Amino acid sequence: MSAGQPPFDAPEIRRLTPVIGPGHTYGSVTDKISAIVLTRPTSLGWFVGFSIAFSLMGLMTVAIGWLVIKGVGIWGINIPIGWGFAIVNFVWWIGIGHAGTLISAILFLLNQKWRTSINRFAEAMTLFAVACAGIFPLIHTGRPWMAFYMFPYPSTMGLWPQFRSPLIWDVFAVSTYGTVSLMFWFVGLIPDLATLRDRSVRKPLKIIYGMLSMGWRGSARHWHRYQSAYLLLAGLATPLVLSVHSVISFDFSIAIVPGWHTTIFPPYFVAGAIYSGFAMVLTIAIPLRKAYGLEDFITMRHLDNMAKVMLATGLIVAYGYFFEFFLSLYSGNKFDVFLVQQRLHGPYAPFYYALILCNILTPQLLWSFKMRHNVVILFIMSIVVNIGMWLERFVIVVISLTRDFVPSAWGRYSPTFWDWATFIGTIGMFVTLLFLFVRVLPAISIAEMRELVAETSEDDK
Amino acid sequence: MLHRSHIYGVMGEFGTPEELIHAVEKVREAGYRRLDAYAPFPVEGLSQALGLKRNLVPAITLLGGLAGGLGGFSFQYWAAAITYPMNIGGRPLNSWPAFIPVTFELTILGASLAAVFGMLALNGLPQPHHPVFNVHRFSHASSDRFFVCIESRDPKFDLADTARFLESLHAHHVSEVSDD
Amino acid sequence: MAQIFHRSTNFIARFSVFSALFLVGVALVAVLAVARSPYMTRQNVTREQPVQFSHKHHVGDDGIDCRYCHTGVETSAVAGIPPTKTCMNCHSVLYNTAAYLEPIRESYRSDKSIEWVKVHRLADFVYFNHSIHVNKGVGCSSCHGQINQMPLVFQADTLLMKWCLDCHRNPEQVLRPKDQVFNMDWSAPDNQAEIGAKLREEYKIRTTADLTSCSTCHR
Amino acid sequence: MDGMREHEQHDHIDGQHDRNEPAGDAKPHESPMDLATVRAKLQSKTGKQYWRTLEELAGDPQFAELLHREFPRQAPSEWDDSVDRRDFLKLMAASLAFAGLSGCGRTPEQYVVPYVKQPEGMVLGKPQFYATVMPFGADAIGLLVESHEGRPTKIEGNPDHPSSLGATNVFAQASVLNLYDPDRAQTVSKFGEIQTWSLFVDNAQAIAAEMKVARAGFRILTGIVTSPALAAQIQSLLTLFPQAKWHQWEPAVGDGTREGAKLAFGSYLNTVYRPEKADVILSLDSDFLGSGPGHIRYAREFSRRRKLNGPNDTMNRLYVVEPTPSVTGATADHRLPLRASEVELFARALAARLGLGGSAAIPPDAEKWLDAVAKDLQEHKGASLVVAGEPQPAEVHALAHAINATLGNVGTTLYYTEPVEAHPANHLESLRELCTDIDAGRVETLLILGGNPVYNAPHDFDFASKIKFDEKKNRKPVKNTIHVSSHFDETSELCDWHVAESHYLETWGDARAFDGTLGVIQPLIAPLYHTHSAREALAAFGDKPGVSDYEVLRDRLKAAYPSADFEKFWRKSLNDGVVAGSAFPPVNAALKFNVSSLAAAKTTPADDIEFLFRPDPCVYDGRFANNGWLQELPKPVTKLTWDNAALISPKTAEKLQLAHNVAWRGGEHGKIYSNVIDIALSNSKVTAAAWRLPGQADGVVVLPLGYGRKKAGYTGTNKGFNAYAVRTSDALWTAAAPSSAIKKTGDDYPLACTQYHFSMEGRQILATGTLEDYRKNPNFANEHAEAPPKELSLYKGEAEFPYDRDKWAMAIDLNKCNGCNACVVACQSENNIPVVGKDQVMRGREMHWIRIDRYYEKAKSATNDPSSYDESLFNPPTFFQPVPCQQCENAPCEQVCPVGATAHSAEGLNDMTYNRCIGTRYCSNNCPYKVRRFNFLRFQDWETPQLKLLRNPEVTVRSRGVMEKCTYCVQRINNARIESEKLNAPIRDGAIVTACQQACPTEAIIFGNANDQESRVAKLKAQQRNYSLLGELNSRPRTTYLAAVRNPNPELESA
């Protein structure tokens, strides 16, 4: 907890808890945020953290290289469990990505002021998460060098992708999602890049930021079109973010495997995605505001709101679990019923219980105001939820495959060293990119903060 | 630009959005038409003050979306049912329900691309060089200052008068904007 | 503040944006083009052979029937490269001292096979059957081109899957009367469309769906 | 081409890491040699020098070792490879493949190499079929062998041969792999050093000369010989050296059969059964449907009586008394688990019950069973059959003969003939005599034709010491020892000379089938290496050395079957594979045997454990140990691969606290850890993994023979445990010992088991019922799992795909299948299916396109684990279900493939296009039958030259990263279709026979055109017994099953 925070006990103060610290002017926000990138010296902590993350990323490249040499057989997958860690991680990462788009798009449409100070790095997080996710569908194929068969191009064979397959839907959904998120993020960055261009003293920096900002000069006419474009993007990103994880969930719900083939998946995958996404935003925001002293911009109000969103989505997820459970039993489908029993009594039961603990029981603490306002608790909670959501995907992907229709074909799955190496490696990649991001780009949207200053000052009058 | 002079215009600097809007209104009342305002963030009411009409970005976006969607579906139909019809698990050649997700995604993609690139194009970006950058204090336009620039193309433009006029609006600074 | 960029950069910037997009497009097209180019398909590329055997001479001038050497063509999947013996049938008498035929005689003496360079090559996972095509009125020249004009055999077509499909989708365009199958100079008559249709009936050629099923060529 | 050679070299170098050669002649401290260095050594030299260098090399043990590992392994062990050059070659190969497949890279030039003089009657690209026979024990299996451009690639049964009737068994199917086994011995060698054949012949002649003088000490040791030609040759040698003796030792065939006949009839006689004629059959520990002479034919005949066209049809009834589950036991209508020794008691009791005198006390719970059987047999006099098992002692066989006689079965359901064996004898005594003679120094020269006595002789004989150099006496017990065998094995090591033996597909010869029919062995390929047949080796000692098998055979036939036109007779015999009318006529055998005169039976104390020695269903007596196909073949009942295990009944295991636990990787479909036990028998010990086997008699431990080879080759060495190590002459088949003989070591051993879960979990997987059920409700199989109505489809109203031409479909009659596995190996051979090795099987990655599921009906459910004993596992009804790709019309796999690599053909085949597959494995996940197989690593061996010869050119060889599965043998379909199209004629029923169907002894698998109402498959599918596996999923499989119907005895059922 940083100093200078008002005490949070009296409800009226709670209501007035601002989304931006008191006494800020256009200049001060500009200085404070751009300073992180331009003037502030790179701390030792940054280097240490970065090098750790980077070496993990190195581990990933080794793992992938070995994979290309030997084949996916170096993983724990087998028949019947054709999908293991790769798909679990893929779904997990994509899910994490969702919070960014959601914060920047949906909250923008809902005109939620408090999004302003977190949307920038939330969007960055989205991009990096999608990048990590994108690796897995590619390398999990038996012949990654042939993966381009999945793209519609005029081949010498006169063949096209098979558009009935959810995997093709994935290809389009994920690539669209990546592109749109990137554009959304970049458009938001343009004015800030201009700021950096104008405030940086060193010529090379001026040139680089100058090129990136494309000569933005804050013309009223530009702002005019810029705003409508940004609004439209937000409007488009909102259905997109909902569709993407629905499509991901089709990978399972379209299939006939017991435990996969259920209609509840799309909504509860989306909810789960936002759930894990917000958890990840918290995981990043809490250390970030501490490290760079941004408590004024990322206030307890933000953390509190995010915690509430987590609680809400967590409850939707809980409902999803329950409904899935109920449907299986209610359907009377002997395969589904059996699978439910397997989750409770089968060899992988501990994972299911751990999942319930992480995703449903622990988050209930968030009902308490005190908990929501204890940064440490929030941080731990966010990590717990991330683990929980990973377990959810593991339970869905693996347990379902271990016990399907023909008992003679039942098997088991356990990850190999290379499964872990690839997974941890992507985490390394994610963190590496984050470190670079906070170092070279404003982690908070300066322009929007100025708007906020303007509005708050109006409020004062 | 059609006619080129050494002077691009005259620029006045203001401290707050309110001052800016007030200034712009005054300038337009004075009959100036070729002018632009610069702010570090979108200032509410500024567009009206400048008398800007609604822009084309939404229209372009709509077209992009339509193109993506229609193109997407018809391509899938063509690939699955016309160019190489295959019996996939007994499903009909035109399994349109299965084509919906891709169609949807392509709609979004088309619209988004149109929105962004349309916006940039209409704004004439990228444009790294611009006369206003010649003004020394203009660097504050991206942090905490607000500017009005009356361009020399304006028929009413006269370097001395216009400058004086701007000062009369309590501009903190008035500076001429050279164009080379 | 001073200008960071010169005026010209405005043009350069916009130009580079467009050219970037353009170049990407060009690159993609190039890749697709190369895959279809003779470099990849070896279309129209003549190859050096251990013996400069001229189909032009043997087929064109001497009028030897394809089946004299390629004995399997009507009965088997492979037409078959003739054994040295077949060459010697004639060349034990004709040109039996010609230097350029020494490899043949050498092979015959030493009982070592001649290593011909393979011209018409399909991937290992493609199972092409000569006999069914020949028996259903698809002529040699439809795929191999006018061999009787080739001093050294080259591949007249791309042999890409797309190319195979063209015929399998509408065989009518190449079907001929059975007696024309081995005629190298056959060219489609003007009314090929209707003749082809009739022949397709007559030969009981299967539906396009049958002919374009994966397992028709891949096993 | 050069690249290729390079490639091989690397392999030899790497070979050393991979191959765990027993520390034989290779000196560890010296850096081993590879072909490169050999070439280097030789290049410099010329003329004389060259040859001298070669001599030196030949003398160099390393060179011998090099030749030994001349060829890399047969089962790729991708997993434990270290990163080596091969990996990078693989990477290159991968990128090349990428280029080739995508058409985005230029592939190197290829060459066509035509014949110089093309053989008569050969059409390039068309396979040819030749008839031959595979000698096996006291039987010979008639075969038609498919040959591509002179390479035998596939074994099929010969319909004209009595012991085949067109079907085969696993050994026949896999024998073609033996031909191309890279580890085969390839030259004549002396003390492990390469010699020339002529040197051997000279040496043999020298020995022969000595013999003529010494007139003594020449001994020949063979297995069972049914080849008249070979026998005649041996006889001629015996006459040449009057003191010479012919010994025989066949480790896995009991003397009981022979001695039983002698005991019953006073002379050796051969028994031929006619199961087809029997209504009631009792098997006394006989696996007559799964092994032993004529079993393929017996299975066929038996299954004909299990055929049901409708509820009114009748079935035969099979009772089986056996200590350990066999495929015969699994097929039985009533199965009674008894300890091996109790089987004899049961036989005596039955004899007594049938009024043959004698008496015996049997377990009380068997009494009721006995009554029912006795009654049933009596009611079917003349139409019943009692079969005694090979491992059973002579008494049981004699009793069986007596019982069959009283039941009047002789002449109807069985008949007797002269012995098929050329020289019937008591093998145990024969071998014992040899050993005692050697000890007495009476043996000068020992010629071992085939076999591997050092490995498989009773261990109390200590055969190794009989031929090994004796340090103490400082001399060799036998002056000259010659071993003729296909591999340089445990015995070869200890012999002076080793003659690499030719494969039966490389030689001329003859062999008698179980009924005496003479089959002609004709070579399909010239010997691949410098190998020679046993006949040639014999001839080397005779007065006509160098006489060819061909002449020997023709002379023999000329003599035996004088005919006006011998050439015509010869050609016909070659063409048919059998000599017409050569079957032995029945002889009437007078029973000279009185049951009551039998001495009291040997019994095992109640609380002792009985240890049974049985040939392994996959590697037999060990001769197939180096055969990857058979090693990886799941054993019919246990579903174990790559190992044998001490089989113990769940109850006994519970007593001994022996358990399994399921590994996390692979799990139920792959890797099971089982407790390791020490078994101490007759002052010898063996360490084995214990396996709980439901249905095994309590107090019985089965020790399968044939494993624990020390020198079998890359694939077979050091797999499993060697049961011979505790097998003694006084207890060849059954050894009794107190349970203290079994000690837990505390270790666990991972076993590769392809199906551990044996309960159907109450699902409609394998529909079974009794004959009454079936008659009451013929539709019972379809009642739980109907496909949903089409109105429920999202696409209802849409036009369906017509499939109006040929509609390929398969029907599998579960009533006939006995789980013999022939189809699995046949499929592996036909479709170039790789062997993946134990480690990969344990990860659940075996590649078989058709698997045979084994379920125990009524076995307790849940996540059932045999580790917890349960009464339902005492004697559970066992069923087998072959599962190939079901070729669903609404294929779930196709819908989810992103690239359309699997799609339907116009005839409704579920095509799998490997070259389009990118390996997402989504199809496998979505396949409810889990019949798809994925190349997780590069399983195919692309380097070993011999294995290239083995491959079927009609089927793509799959590489890493692609999915594959059963295609209904689409290559056969296409060829048949092309032929029919040339004639514009429809494909007649039976023109297409899939590999599995072709191999099936019981005709359980029928393939054909479902649109043709006259086709066999359409008729079967029309039956009410016909049902779809998981039909409720609406996948509409083209492969359907006919419910298994058992015909229990109502008297036993009631209880």
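Computed from a predicted model, the values in this text were never measured in an experiment. Just so we're on the same page: letters track the sequence lines, and every chain starts at 1. All values below were derived from every heavy atom in this structure, side-chain atoms included, with hydrogens, water molecules and symmetry-related copies excluded.
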- Do any of residues 63-88 of chain B have a heavy atom less than 4.5 Å from a heavy atom of chain D, and if so, which, in residue order? B/Met86, B/Asn87, B/Ile88

- Atom NE2 of B/His170 with >12 non-hydrogen neighbours under 6.0 angstrom: no

- Query: Checking D/Glu800 against chain B: side chain, backbone, both or neither under 4.5 Å from a heavy atom?
  - Reply: neither

- Query: Which region of D/Ser1035, side chain (C-beta onward) or backbone (N, CA, C, O), has a non-hydrogen atom less than 4.5 Å from a non-hydrogen atom of chain B, or is it both or neither?
  - Reply: neither

- With a 4.5 Å heavy-atom cut-off (strictly below), which parts of residues 99-126 of chain B touch chain D? List them by number. none

- Message: To check you understand the geometry: which heavy-atom pair defines the closest contact between D/Tyr795 and B/Ser95, and what is its length?
- Response: OH-CB, 3.1 Å

- Heavy-atom side-chain proximity of D/Leu794 to B/Arg91 below 4.5 angstrom: no

- Counting heavy-atom pairs under 4.5 angstrom with chain B, the leader among D/His904, D/Glu798, D/Glu889 is D/His904

- Check whether any side-chain heavy atom of D/Phe801 sits under 4.5 Å from a side-chain heavy atom of B/Pro92, and report yes or no. no

